[in-house]
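Bear in mind the structure is a predicted one, so any value in this text is a computation, not a measurement. A note on names: the letters A, B, ... follow the listed sequences, proteins ahead of strands, and every chain is numbered from 1.
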Amino acid sequence: MAGAQKLYPRATVKKIVKAHSRRNVSKNVDVLIFLDYALFLQTLMKEASINAKQAGERGISAKSVKKVTEVSVSKFKG
Amino acid sequence: MASHPDGLPDPAADAKTPTTRPGRASPRNPSSPDAAPSAAPKATPYRTLLQIPSIPKPATPARRASSAGPPASHRAIRRTPGTQARTPSTRIGGSARRPTAMTPHGRAAIREVEARRAGFTPGGPDRRRSGWQQRETPRDTLRALSRLLAPKTKPTVPTPPAPVAGTGKVTIAGSEDFDDEEELPRPRLSLPLGLDDEDDSLLEPPRSSGLEDENITVQSVELARRAALERGPGRLSRGSFGSIGMNDQFAELNESGLGSVLDSSLNMGGPYQDADVLDADDGLQDDITTTLRDADLGRSRLSLAGSDIRPRALADDTEDTFVFTIPPRDVPDLQRSDDAVESPLRDSGENNDFGEMDTIVDDNAEDVWDAMQEDVDVSMAESTVQGADVTLANKQKAARKKRIKVSKHGIPYPSLPAGVVKKLATMYARTSGNSKTKISKDALDAILQASDWFFEQVSDDLGAYADHAGRKTIEESDVITLMGRQRQINAATTPFSLAQKFLPRELLQDLRMIPPARVKRGRQLEQVGEADDETE
C-alpha cells in the first residue's frame, strides 16, 4: 500500500513524540506509532465521510472533519 | 355429567339432578331412570358399552378442562355457588351444555366466570386473602390482649399535676391570647405576598455576585461549553487547535457553515476576544465594537467578510496603539504564529498592551478611533469585496509556512508534512467512502489539527506507560499496550497483520527486527512473536 518512495518522514514522527512526551523514543517505535496514526487517520476519514454523506455533502468538508475529530481522537485514547 | 351428544337438557334440572340426566349414557350409572327408557329396548350392557366411544366429551380431558365453566356459570347464576363446589362431579360434564350459551352475551358470561374461577379477577383471591389477613393481624391479637388486660388496668396519671397546665392556660388566656391571634394572621396575609417578591430578589444577587467575583463576564457563558468539551481537548496542550480557548469552540459552533472562518477566529479571534474580556468594563471597547459595527453596516456587511474583518481591524488598532513596541508590519504575522507558537508571553504582552492602551490612549481614544476608522474604511473597502479571498490567501500562506509549535513541555516540534497527510487521508477516504473524494484545503487543515491532537495524546499516553514501567524510553511494548487499549489490536489482529496492511515493506522490515528482543522481555509479546513467525 502506498508504495511511494517514502511513506512518511520517520524523524519527524520521532520528534513529535519526543517533544510531547519528553522521553526518548527507542529505535523502531516510530514505525508502530505511525501505524497507529494510520489507523487513526483511517478512522477519522471514515467517520468524516460518513458525516459528510449524512450532511449531503459531496466530498469531505472541513466541517465534517471537525465534527468527527473529537470523537475519533477520544477513540484513540490509551 | 353433561357429556352427552343428544340432548340439551335444562341446566337447572341438570344441576339439581346430575345423576338423573336423560342423556346420561356413561357406564357409571347405566341404570338411571331416564337413561333406561331411552336405551330401554336394547339396554344391554354391550349396547351401552358400544355407545361409549360415540361420547367423546367426557373422554377427552381437554374438553373437560375447557368446559369446566358452563355448568358452573348456570349454577352460579341460578343457584348458590356452594352447590357447585359441593358437587364437583357435575362440573365434569359441562361441555355438553355449551351450546346453550351460544349468544355472545352468554359466551361472555361464561368466559368471565371461568376467569373468575381461575382467580384472575381481583375479587376472589384478594377477598380470601384479606379475610385471612384480617383474621391474623397483630392488631387483632393486640385487641384480644387489651380485652384481657382492660379490667385490670387503671388509667395512668400524668406525673406533673394537671392544675399547672390549667393555671398556665388561664394566665395566657388573660393577656396573650389576643396578641397571638393577632400575630398569626398578619404573617399569613403578608407572607405570601412578600414571599414572591423576596424570593425573586433573593435569587438574583447570588448570580450577579458570582459573576462579579470572576470579574470576567464572558466566562460565565463559556464555562459550560468548556466542561462539555474538556474530555477531548482538555488534556491537550495549547498547541492544539481546540484548546486555545473556548472562543474557538464558540466560533466553531457558530460558524458551522464557514469552514474557513475557523482559522481566522484562531488567528484573530483569540486576542480580540481577550481584549474584549479585559476591557469589558470600559466603554472604550464598546466604542471599538460599535464603531466597527457601524462601519460594517455602512459597508453592507458581507457576513463572511464581516467576521473576518473585525478582528483584522482590531489588529490594525493595536498597531496604532503600540507602535513603539512592535513594528506594525509584523503584527499579523506574529498573531498568526501566535496560533502556532501560543506562547503565554505573547498573550500577556498583548493584554498588557491593551491595558496600556486603555490608560494612555483613553483621552485620545476618539481621535485615534476616528483616524483608525478611516483606515478601517479603506481596508474594508478593499476587503469587503475580496475579503474572503484575502483571508483565504493569508491562511494558505500560513499553512504553507513551516509552523513551529511548542509542546506543553516547551519543546518545539514539527508537524507531519501536509503532503504526506493529504496522501494518506485521500487514500483512506477513498477506501472508506466514494472513490473519487478530494480533500479540500480546509479539510486538510482540519485533518492536520486532528493529527496534532492525536500525536499529542498518543505521546502523552506513551510517556505515561514508559513512566509506569520505570523507563526513560518509550519502547515497542508501550506502543503495543497503547494499541491494545485503543482496541486496535486483539487476538485476531496483531500489530504485524496491521502493519502488513498499512505499511510498506521497508517499514515492515524494521518491525521485523523487533521480536527477538521482545520475546525475552515479556509475555505480552508472545503473540507478537507468533505473528512474526507467520509473517516470515
Undergrad: May I ask you to test the B:Val458-A:Tyr37 pair for a side-chain heavy-atom distance under 4.5 Å?
TA: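 Result no, sub-4.5 Å side-chain heavy-atom pair not found.
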Undergrad: With a 4.5 angstrom heavy-atom cut-off, could you sort out which part of B:Arg471 is near chain A: side chain, backbone, both or neither?
TA: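 B:Arg471 touches chain A through backbone heavy atoms alone.
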Undergrad: Report which part of B:Ser451 has an atom under 4.5 Å of a heavy atom belonging to chain A: side chain, backbone, both, or neither.
TA: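 Both backbone and side chain.
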Undergrad: Okay, side chain of B:Ser407, backbone of A:Ala19: is any donor-acceptor separation there less than 3.5 Å?
TA: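 Here the side-chain-to-backbone pair exists.
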Undergrad: So, taking the atom named NZ in A:Lys66 and the one named CG in B:Asp445, what distance separates them when rounded to the nearest 0.5 Å?
TA: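 It comes to 8.0 Å.
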Undergrad: With sequence neighbours excluded, what pairs up with A:Arg22 under the side chain to side chain donor-acceptor pair (under 3.5 Å) test?
TA: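 A:Arg22: side chain to side chain donor-acceptor pair (under 3.5 Å) contacts with B:His409.
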Undergrad: According to the ring-ring contact (aromatic ring centres under 6.0 Å, His included) rule, which pairs have a member within residues 464-492 of chain B, sequence neighbours left out?
TA: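 Those involving residues 464-492 of chain B do not exist here.
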Undergrad: Among the options A:Val31, A:Asp36, A:Thr12, pick out the one with the most heavy-atom pairs lying under 4.5 Å from chain B.
TA: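 Maximum pair count with chain B is reached by A:Asp36.
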Undergrad: Measuring from B:Glu506:CD to A:Leu7:CG, what's the distance to the nearest 0.5 Å?
TA: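 The CD atom of B:Glu506 sits 8.0 Å away from the CG atom of A:Leu7.
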Undergrad: Do the side chains of A:Met45 and B:Leu424 get nearer than 4.5 Å, heavy atoms only?
TA: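 Side chain of B:Leu424 against side chain of A:Met45, heavy atoms only: no contact under 4.5 Å found.
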Undergrad: Is it the case that the side chain of B:Gln457 and the backbone of A:Val73 share a donor-acceptor pair, with hydrogens and angles ignored and the cut-off at 3.5 Å?
TA: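 Confirmed, B:Gln457 side chain pairs with A:Val73 backbone.
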Undergrad: Which atoms of B:Leu462 come close to chain A, meaning under 4.5 Å heavy atom to heavy atom: side chain ones, backbone ones, both, or neither?
TA: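 The answer is the side chain of B:Leu462.
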Undergrad: Apply the side-chain contact (heavy atoms from CB on, under 4.5 Å) test between B:Val479 and each candidate in A:Asp30, A:Val29, A:Leu35, A:Asn28; give the one that qualifies.
TA: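 Answer after filtering A:Asp30, A:Val29, A:Leu35, A:Asn28: A:Val29.
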Undergrad: Using the benzene-type ring in the case of Trp, are the ring centres of A:His20 and B:Phe455 under 6.0 Å apart?
TA: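 No.
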Undergrad: In terms of ring plane angle, is the pair A:Phe40 and B:Phe454 parallel, tilted or perpendicular, where the classes change at 30° and 60°?
TA: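 Ring orientation, 0 to 90° scale: parallel.
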Undergrad: Without swapping roles, check the side chain of B:Gln486 against the backbone of A:Phe76 for a donor-acceptor pair under 3.5 Å.
TA: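 Flag set: sc B:Gln486 to bb A:Phe76 pair under 3.5 Å.
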